[in-house]
Amino acid sequence: MARLQGKVAFITGAARGQGRSHAVRLAQEGADIIAVDALTDVPSVGYPMATRDDLDETVRRVGRFDRRILARQVDVRDGDALTAVLAEGVAELGRLDIVVANAGIASFAPAEEISDQMWDDMIAINLSGVFRTVRPAIPHLKRNEDGGAVVLIGSVGGLRGVVNIAHYCAAKFGLVGLMKVLAQELAPHRVRVNVVHPTNVDTPMIQNDSLYGLLFPDRDPATVTREEAEEVMRATNLLPVAWVDPSEISEAILFLVSDTGRHVTGIELPVDAGYSTK
């Protein structure tokens, strides 16, 4: 039997990249999906956000496994909208068992050049947005006799300081504190809360001119190839890889939200190719 048969998972940032991978993998294991994405560009971020077509593709891929999916355009900065879509999803799909707080952005600059807008957008989406994702889910999770599971998507930037992303590191370190408190508060209800810390993941968050320009400051970023960026990013990891595939993060999430991880809570799980050890 599929490991998540009869379960319902709420996933943010589900239109592409990691979020789509998580939605598809959990659906493959039997879960129905509540999927949201902002589908709106963020001016302080140097790459385009996901589109309606991206979210529609997630719906199509989940449908391959004959699972139900409710997909809506919702920004994680909007707590009321998140509350409403969860209520709609639970009414339609019957319950809520899993939360994957995945939505996030990246922007790049030395601390002295991070504008107020860059800082505010980062904290609003990558930290406050995670809180606003989990908060309305808690009452639904507490109703389950067998509990539930929450996974916050952190980063190696939540394990150690990384230059040029002070705002990003601040948000990701903040997630760890949030997780530690939630794990304690929700344990009596058999709800487990953990953080997964990926290294570079092969998504538009790193494969864009904004980051390429940081890696090659004396070059027109439009001329930088993926292969050149790969060579530089490989040096950040202990294992000889530049980045991991989103599916590898999805497998870590599957472990944490299924019965295999039923006694795992309050941890930080690095899927970082040794980044934090190097």
Side-chain angles (χ1 to χ4, degrees), residues 1-40 49-104 125 129-130 132-141 143-144 146-153 191 196 201 203-205 245-259:
M1 181 179 289
R3 282 180 277 180
L4 300 179
Q5 195 70 40
K7 305 293 188 181
V8 176
F10 176 43
I11 303 172
T12 63
R16 68 180 185 193
Q18 283 195 59
R20 175 189 288 168
S21 176
H22 307 334
V24 172
R25 185 69 182 98
L26 299 191
Q28 187 178 17
E29 289 291 339
D32 293 325
I33 307 295
I34 304 168
V36 302
D37 205 294
L39 310 181
T40 303
M49 298 292 105
T51 66
R52 171 61 64 177
D53 286 345
D54 291 323
L55 186 58
D56 289 345
E57 178 63 16
T58 297
V59 171
R60 189 182 69 81
R61 295 192 190 190
V62 167
R64 289 177 181 172
F65 299 103
D66 196 29
R67 304 316 308 161
R68 296 176 293 171
I69 178 170
L70 183 142
R72 296 288 184 266
Q73 180 177 0
V74 176
D75 192 313
V76 295
R77 291 171 288 188
D78 188 340
D80 289 342
L82 288 166
T83 300
V85 77
L86 272 173
E88 180 187 6
V90 170
E92 181 171 325
L93 302 178
R95 56 188 292 138
L96 179 68
D97 305 273
I98 296 162
V99 177
V100 182
N102 166 80
I125 295 171
V130 171
R132 291 188 172 99
T133 296
V134 177
R135 181 178 57 189
I138 291 172
H140 299 292
L141 295 170
R143 292 191 190 105
N144 302 328
D146 56 349
V150 177
V151 178
L152 314 182
I153 304 302
V191 176
V196 172
V201 183
T203 72
M205 183 177 281
D245 190 79
S247 64
E248 297 175 86
I249 312 306
S250 300
E251 292 300 325
I253 291 169
L254 180 58
F255 162 72
L256 291 171
V257 304
S258 65
D259 280 348

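For L26 against A9, the heavy-atom pair with the smallest separation is CD1-CB, 3.9 Å. Looking at every heavy atom in both residues, Q73 comes nearest to T40 through NE2-OG1, 3.7 Å. Residues I125 and G104 share a closest heavy-atom pair of CG2-CA, 4.0 Å. Minimum heavy-atom separation, N102 to G13: ND2-O, 3.2 Å. Heavy-atom minimum distance, S250 versus S21: OG-OG, 2.6 Å. Shortest non-hydrogen contact noted between A14 and T58 is O-OG1, 2.8 Å.
Between the NE2 atom in H22 and the CD1 atom in I153 there is a gap of 4.5 Å [rounded to 0.5 Å]. The line from CD of E88 to CG of L70 is 4.5 Å long, rounded to the nearest 0.5 Å. Rounding to the nearest 0.5 angstrom, the gap separating the CZ atom in R16 from the CG atom in L39 is 10.0 Å. One finds the CG atom of D37 at 10.0 Å from the CZ atom of R20 (value rounded to the nearest 0.5 Å). Rounding to the nearest 0.5 angstrom, the gap separating the OG1 atom in T12 from the CD1 atom in I34 is 12.0 Å. With values rounded to the nearest 0.5 angstrom, I11 atom CD1 is found 4.5 Å from I33 atom CD1.
Side-chain atoms of D54 never come within 3.5 Å of backbone atoms of A15 as a donor-acceptor pair (strictly under, hydrogens ignored). Counting only distance, with no hydrogens or angles, the side chain of E248 and the backbone of D245 share a donor-acceptor pair below 3.5 Å. Looking at R67, its side chain never comes within 3.5 Å of a backbone N or O of Q28 through a donor-acceptor pair. For the pair E29 (side chain) and R3 (backbone), a donor-acceptor distance under 3.5 Å is present. No donor-acceptor distance shorter than 3.5 angstrom exists from the side chain of N144 to the backbone of D146, with no hydrogens or angles considered.
For the pair R60 and D56, the minimum side-chain heavy-atom distance is 4.5 Å or more. The side-chain heavy atoms of V130 and V76, taken from C-beta on, include no pair separated by under 4.5 Å.
Among the candidates V90, T133, V150, the single residue satisfying the side-chain contact (heavy atoms from CB on, under 4.5 Å) test with F10 is T133.
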Worked check of side chain to side chain contact (heavy atoms under 4.5 Å, CB included) between L4 and L254: CA-CA 9 Å; L4 300 179; L254 180 58; 3.8 Å; yes

Going by atom type alone, with no hydrogens or angles, which donor-acceptor pairs under 3.5 Å involve a side-chain atom of residues 91-99 and a protein atom two or more places apart or on another chain?
from	atom 1	to	atom 2	distance (Å)
R95	NE	D97	OD1	2.9
R95	NE	D97	OD2	2.9
R95	NH2	D97	OD1	2.6
D97	OD2	V8	N	2.9

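For the residue pair D53/T51, the side-chain donor-acceptor check at 3.5 Å is not satisfied.
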